[in-house]
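Working notes, beginning with the structure itself.
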Amino acid sequence: MIKSGQDAEDLASMTDSTITLADIESAAHGLAGQIVATPCAESRTLGAIFGARLFLKFENQQFTASFKDRGACNKLQSLTEAERKAGVIAMSAGNHAQGVAYHAARLGIPATIVMPKPTPFIKVRQTRDHGARVILEGDLLADAFAAALRIASDEGLTLVHPFDDPLIIAGQGTVGLEMLAAVPDLDCIVVPIGGGGLIAGIAVAAKAINPAIEIIGVEAALYPSMFNALKGESGACGGMTIAEGIAVKDAGRIPRAICRDLVSDVLLVTESELERAIGLLLAIEKTVVEGAGAAGLAAVLANPARFEGKKVGLVLSGGNIDPRLLGEVIRRNLVREGRIAGLRVMISDSPGTLARIATLIGEGGGNILEVSHQRLFLDVPVKNADLDLVIETRDADHLAEIVARIEAAGYPVRKLATTAVSP
């Protein structure tokens with residue numbers, strides 16, 4: 001069984017043999033009543049779209065809106081009385097921070113969270129609101145981790161690592177237990193990968209229960225750390241991603257060892273696919289997920305043939321997305337679907353022309369959101385003007401109908417590649 005109180009180097013040097021189904025079942029027993037046993041429900045509409053049966057595990061319904069509650073609580077409950085009294089420290093820029101802070105407060109354990117200086121203020125505030133001492137250190141997660149190790153040594157605190165700890169992995173593995181209890185005959189489970197703690201725990205649990213099940217990981221294409229490790233690739237990790245929860249440059253050593261043995265494949269998804277998956281879950285399931293939480297559905301969206309006809313479990317790992325970012329994703333998806341479009345119409349600069357264009361759009365069932373006359377561009381004849389419009393339509397086919405209506409009336413139309421839609 002797993003021992004508590006081991007330092008980070010000891011934990012990171014362990015192999016997958018330290019984590020068993022019994023450890024995960026023990027974690028599940030200890031977590032009963034401490035975390036939310038989230039639903040695992042079939043999405044019939046999404047399944048019909050992709051030709052598969054899709055079962056969604058709603059970890060975005062945990063109290064802190066992330067699966068991280070599980071591992072954090074399991075680790076904290078394992079501490080000795082002396083360790084609890086001294087307190088714990090964690091390094092995180094988001095979900096792990098909140099999970100540790102929340103459950104430490106519940107259990108009466110002093111918590112310190114080290115976060116990089118660029119961490120969004122809302123995440124810093126939410127972590128402090130749970131009662132943790134927050135220290136902002138460095139520009140990168142690596143800087144924050146180095147600071148956390150230093151403070152842990154100086155103050156005698158127990159490190160709660162976000163993924164390279166058997167107790168954390170065992171706690172996350174309870175997701176797999178619950179999924180197979182709800183749907184025993186799943187063909188595969190698709191899991192977002194950041195450091196790898198979640199997929200490692202699920203893989204140990206699920207493969208022990210059903211050795212035939214496939215465990216498939218998903219990473220943002222900008223951060224293919226586990227993909228590189230398992231496939232011997234050397235793709236660069238870096239860049240701005242909407243899936244910041246899985247933007248990890250180096251997967252954990254314990255998770256890597258487990259994934260080499262138990263994970264069938266790791267798929268990479270683009271930013272566009274992540275955005276579309278967030279929009280689909282919001283529109284169809286009426287559930288809010290962050291970028292990392294949408295990664296599983298993004299993988300199905302990008303690889304429909306890979307999952308066609310199968311019973312697929314998707315882990316919606318978290319729902320902590322900034323409302324402004326969510327609003328932007330919604331607008332961008334509307335543009336992708338042709339429901340909002342930017343058009344540039346060349347018109348004569350004469351009275352009544354603007355009204356005529358507006359009438360054509362209105363009669364075609366479109367709605368004008370924004371309009372701007374461009375008279376001063378030197379590439380436009382002096383007696384003409386460019387009319388820039390942002391319009392709302394039902395879908396791409398409806399947009400094409402409206403464009404055809406305008407052009408049939410003698411006004412050339414050019415679709416704008418991008419458009420700014422006021423919030």
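Note that this is a predicted model, so its numbers are computed, not measured.
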Passes side chain to side chain contact (heavy atoms under 4.5 Å, CB included), Y223 versus V248? Steps please. CA-CA 6 Å; Y223 288 85; V248 176; 5.9 Å; no

Apply side-chain hydrogen bond (donor to acceptor under 3.5 Å, both in side chains) to residues T38 and Q62 and explain how you reach the verdict. CA-CA 7 Å; T38 57; Q62 290 293 345; 4.6 Å; no

Show your reasoning for whether side chain to side chain contact (heavy atoms under 4.5 Å, CB included) applies to R70 and K75. CA-CA 9 Å; R70 295 173 182 268; K75 174 71 174 181; over 6 Å; no

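Judged by distance alone, the side chains of T64 and D69 do bring a donor and an acceptor atom under 3.5 Å apart. No hydrogens or angles considered: a donor-acceptor pair under 3.5 Å links the side chains of N60 and T287. For D23 and T20, the side-chain atoms include at least one donor-acceptor pair closer than 3.5 Å. For the 3.5 Å distance criterion, the side chains of T393 and R339 fail to qualify, holding no donor opposite an acceptor.
Side-chain atoms of E401 do not come within 3.5 Å of backbone N or O of G364 as any donor-acceptor pair. Not one N or O on the side chain of D388 forms a donor-acceptor pair closer than 3.5 Å with the backbone of S372. Under a 3.5 Å cut-off, the side chain of E178 and the backbone N or O of C40 do not form any donor-acceptor pair. For the pair S66 (side chain) and G318 (backbone), a donor-acceptor distance under 3.5 Å is absent.
Residues passing the side-chain contact (heavy atoms from CB on, under 4.5 Å) test with R84 are Q77, L79, E81, L107, I109, sequence neighbours excluded. With sequence neighbours excluded, the residues forming a side-chain contact (heavy atoms from CB on, under 4.5 Å) with K310 are D187, E214, R306, V312, listed by chain and number. A search for salt bridge (charged side-chain N to carboxylate O under 4.0 Å, His left out) contacts involving E25 returns nothing, not counting sequence neighbours. Take L282 and apply the side-chain contact (heavy atoms from CB on, under 4.5 Å) test, not counting sequence neighbours, and it matches V288, L326, I330. Under the rule for a side chain to side chain donor-acceptor pair (under 3.5 Å), the partners of E42 that lie at least two apart in sequence or sit in another chain are R53. Scanning for side chain to side chain donor-acceptor pair (under 3.5 Å) contacts around N367 gives E392, with sequence neighbours left out. Listed by chain and residue number, V124, V134 satisfy the side-chain contact (heavy atoms from CB on, under 4.5 Å) test with R128 (two or more places apart in sequence, or in another chain). Shown here are the ring pair (Phe, Tyr, Trp, His ring centres under 6.0 Å) partners of H130, two or more places apart in sequence or in another chain: Y102.
Only one option out of I391, V413, L360 pairs with I402 in a side chain to side chain contact (heavy atoms under 4.5 Å, CB included); it is I391.
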Please output the side-chain donor-acceptor pairs of residues 140-153 that fall under 3.5 Å, not counting sequence neighbours, one pair per line with the distance.
{"from": "D143", "atom 1": "OD2", "to": "D139", "atom 2": "N", "distance (Å)": "3.1"}
{"from": "D143", "atom 1": "OD2", "to": "L140", "atom 2": "N", "distance (Å)": "3.1"}

Show me the side-chain donor-acceptor pairs of residues 204-212 shorter than 3.5 Å, one per line, residues at least two apart or across chains.
{"from": "K207", "atom 1": "NZ", "to": "P211", "atom 2": "O", "distance (Å)": "2.9"}
{"from": "K207", "atom 1": "NZ", "to": "I213", "atom 2": "O", "distance (Å)": "2.9"}
{"from": "N210", "atom 1": "OD1", "to": "A212", "atom 2": "N", "distance (Å)": "3.1"}

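E407 has no carboxylate O lying under 4.0 Å from a charged side-chain N of K415, or vice versa, which leaves the two without a salt bridge. Salt-bridge formation is not detected for the pair K68/E59: no Lys NZ or Arg NE/NH1/NH2 atom is positioned less than 4.0 Å from an Asp or Glu carboxylate oxygen. Look at D265 and K231 and you find a salt bridge, because one of the NZ, NE, NH1 or NH2 atoms lies within 4.0 Å of a carboxylate O, short of that distance. Here K117 does not pair with E137 in a salt bridge; the nearest charged N to carboxylate O distance is not below 4.0 Å.
Listed by first and then second residue, the salt bridge (Lys or Arg N to Asp or Glu O under 4.0 Å) pairs involving residues 269-291 are E275-R332, E275-R336 (not counting sequence neighbours). Screening residues 189-203 for side-chain hydrogen bond (donor to acceptor under 3.5 Å, both in side chains), with sequence neighbours left out, gives no hits.
Annotation: side chain of L297 is in contact with side chain of L46 (closest heavy-atom distance under 4.5 Å).
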